[in-house]
Amino acid sequence: MRFEVTAGGGGPLTGRVVVADAVTGRPMTRAAVRGTRWTLDVPRDWPSSLYVARFHDDRPETPEPERDPEHEVWFAVRAARPATASAVLVSIPFATWRAYHRAGQPGRSIYYAEEPGRAARVSFTDPGGGPPPERWEEPLLRWLPEAGYPVEFCSGLDLDDGRELLSAYRLLIVNGHDEYWSAGMRDSVEEFVRRGGNLAVFAGNTAWWQMRLEDGGRTMVCHRDATTDPVAATDPRRTTVEWSSSPVDRPENSMTGVSFRNGAGSWGAGMSLIGRESYTVRFADHWVFEGTGLGDGDAFARGALGYETDAAELDWSSGVPRATGRDGTPRSFAVLATADLRHWRTYGQGGWATMGVFRLGAGTVFNAATINWGRALDDPAVDRVTRNVLDRLGGAVPVPSWHTVGRATGVRALAACEGLLFAVAEDGRTLLHREPCDQNLPWTACPPVPGGPEPEIRCLAAPREACHPTPLALLAVGTDDRLLVRDPVPGPAPWTPAGTVPAGTTALAMCDNTLFAVTPHDDTLHHRPALRPEAPWTALGPAGKAVSLAVLNARLYACGPDGLLTRPPVTTEAPFAPAGAFPAATALAAYAGRLLAATDDGLLVSHRPRSVATG
């Protein structure tokens with residue numbers, strides 16, 4: 001690394017430089033500086049980390065002066081061989097640090113936002129540009145090694161063309177205040193997650209502005225205004241405005257799950273509010289809260305919220321917050337905790353904070369949705385949540401293949417149809433429904449049909465697709481061994497007889513115009529054509545002790561005492577084969593590429609099968 005240095009008067013420097021590991025505080029090298037240039041050859045044994053070089057002249061200074069950012073150079077050292085020491089990569093937000101440096105000085109800073117003299121271009125080679133005085137990133141960076149988590153580091157700018165770099169890692173951490181992202185950064189990170197990598201955002205106001213890099217990465221450009229950015233007419237997707245604004249129209253929450261548009265900000269005198277606010281738990285059964293001892297409605301993470309937070313647009317109509325998805329938040333987003341910060345309007349921007357997790361392709365994204373998360377790590381619950389995220393998404397512990405998406409106490413049957421998940425309650429007659437999503441939504445009873453008792457039901461099923469001339473419908477087996485059909489609606493609808501099933505049937509499924517049934521007394525799988533009610537049932541062979549059946553991606557799945565089993569939906573003998581780990585469960589269903597199960601301990605769990613060997 002080559003440094004150009006001058007003394008305060010602009011002449012050659014006579015002094016010294018101290019380079020320290022900014023994470024551990026350990027001095028790494030000291031050297032005399034004479035002249036206007038100094039070169040650092042980074043030793044091969046230096047660990048990947050964040051470093052700071054501080055230059056001093058030879059004048060005696062007692063006491064030590066305040067930190068002068070003009071005399072510091074901050075830099076990240078990447079691992080020579082990525083992921084050698086850790087599968088976790090931490091990104092340092094140099095673009096955001098540089099954007100705020102010299103705020104208010106005309107032509108020298110991106111800030112302040114509405115000042116006509118603000119700069120649209122700033123150079124990374126200018127003096128300064130380290131972390132702001134609040135040091136939002138520092139607490140988590142220092143906690144990681146103390147908590148036993150080795151990590152490797154990169155500059156956020158490395159992600160601009162970071163596909164190869166990221167491919168070596170299991171988890172990328174975004175920390176503190178990482179507000180400025182280029183299109184290349186977003187493309188690299190989103191592709192990384194979609195391919196099976198994971199993203200943990202312990203930050204707020206994330207990816208709010210689009211910037212772009214020029215001059216070989218030496219210059220950051222951010223006009224913050226489409227009318228003054230020359231690329232708006234030639235390459236509109238790279239226009240330097242908010243990611244959610246025209247002509248970019250690429251909301252950041254499609255990557256992060258949440259946005260500052262729905263979040264809150266408290267500035268100036270309002271900064272004191274940071275220490276007073278807490279999160280409220282909304283989904284205590286989720287793996288993120290494992291081991292915290294928290295329950296739904298409990299407060300935790302006091303002091304973590306501020307000074308800017310991110311949030312998703314929420315629907316509270318069911319009594320549990322649910323992301324609407326209208327603002328760009330993925331539909332798989334599960335709300336874990338919320339904070340109502342609408343009173344922050346007095347000091348800036350009123351809004352919410354929304355902690356959550358969602359799937360993006362083959363990967364998972366967790367978002368703490370606040371800049372100040374690291375300063376609450378002395379809270380045992382915050383400590384444990386952070387560990388749960390790092391352990392699960394970073395690959396330090398085996399990842400459970402099933403995760404909780406709600407409660408299913410007393411549920412004896414499941415089936416998904418026309419965007420709803422249906423269940424039969426413990427009494428065998430009450431039909432329940434909820435969305436088949438990852439949020440812990442409550443079950444709602446379908447109103448009974450007036451004029452008579454509902455039939456008692458052993459099991460449910462539903463075809464994935466309609467088969468002419470039969471429309472989509474819920475299928476059920478009554479205790480009198482009758483096949484029943486019902487419209488898949490949440491309102492009242494009658495059950496209509498549609499034939500018979502083998503005596504004692506307790507599991508039913510439909511695939512490729514074929515009905516499959518299991519009789520437990522002889523452990524036999526049977527079939528008949530779905531569109532021929534008069535056709536006899538034919539035995540296919542052993543049913544693998546199945547207690548429930550479901551169809552996913554043209555395969556039969558069964559659950560029972562031997563775990564999860566699968567076989568093709570053929571009408572010839574084909575044994576069930578093991579299909580991976582499975583919790584003890586009473587009912588199984590399938591929807592949108594996932595299996596859903598009601599466990600013996602009253603939970604509703606979900607699973608995405610990776611692949612099934614065939615042949």
In Å, rounded to the nearest 0.5 Å, how long is the span from [atom1] of [X] to [atom2] of [Y]?
X	Y	atom1	atom2	result
M185	L157	CE	CG	6.5 Å
Y180	R212	OH	CZ	14.0 Å
R282	T338	CZ	OG1	3.5 Å
S332	R608	OG	CZ	8.0 Å
L305	I371	CG	CD1	11.0 Å
T96	N205	OG1	CG	8.0 Å

Can you tell which of L199, V193, L172 makes a side-chain contact (heavy atoms from CB on, under 4.5 Å) with L166?
L172
Passing candidate, ring pair (Phe, Tyr, Trp, His ring centres under 6.0 Å) with F289, options F300, F283, Y279
F300
Using the ring pair (Phe, Tyr, Trp, His ring centres under 6.0 Å) rule, pick out the option among Y51, F153, F94 that qualifies with F75.
Y51
Would you mind checking if [Y] and [X] are paired as a salt bridge, meaning a charged N to carboxylate O distance below 4.0 Å?
X	Y	value
R250	E190	yes
D378	R302	no
R78	E152	no
R98	D126	yes
D187	R237	yes

With a 4.5 Å cut-off on side-chain heavy atoms, are [Y] and [X] touching?
X	Y	result
V365	V357	no
F260	E242	no
S167	R195	no

Will you find, in the side chains of [X] and [Y], an N or O donor that is under 3.5 Å from an N or O acceptor?
X	Y	result
E313	T324	yes
E137	W97	yes
N198	Y169	no
N388	R392	no
E179	Y100	yes
Q439	H286	no
S49	D21	yes
N372	T370	no
W74	E72	yes
E4	W38	no
D229	T239	no
T386	W373	yes
S259	E252	yes
N253	T329	yes

Do other residues, nucleotides or ligands put more than 12 heavy atoms under 6.0 Å from the [atom1] atom of [X]?
X	atom1	value
D327	CG	yes
R163	CZ	yes
R218	CZ	no

Closest heavy-atom pair and its distance - [X], [Y]:
X	Y	result
S244	D249	O-OD1, 3.9 Å
A376	G303	CB-C, 4.4 Å
G394	A87	O-CB, 4.1 Å
S123	T125	OG-OG1, 2.6 Å
A312	V258	N-CG1, 3.7 Å
L159	S91	CD1-OG, 3.8 Å

Quick check, are the ring centers of F366 and F202 under 6.0 angstrom apart?
yes
Ring centres under 6.0 angstrom apart (W143, Y149):
yes
Worked verdict on R121 versus D215 for salt bridge (charged side-chain N to carboxylate O under 4.0 Å, His left out)
CA-CA 11 Å; R121 302 168 59 89; D215 304 328; 3.4 Å; yes
Parallel, tilted or perpendicular: rings of Y307 and W267 (30°, 60°)
perpendicular
Step by step, work out the salt bridge (charged side-chain N to carboxylate O under 4.0 Å, His left out) result for R102 and E70.
CA-CA 10 Å; R102 301 194 187 99; E70 299 290 323; 3.2 Å; yes
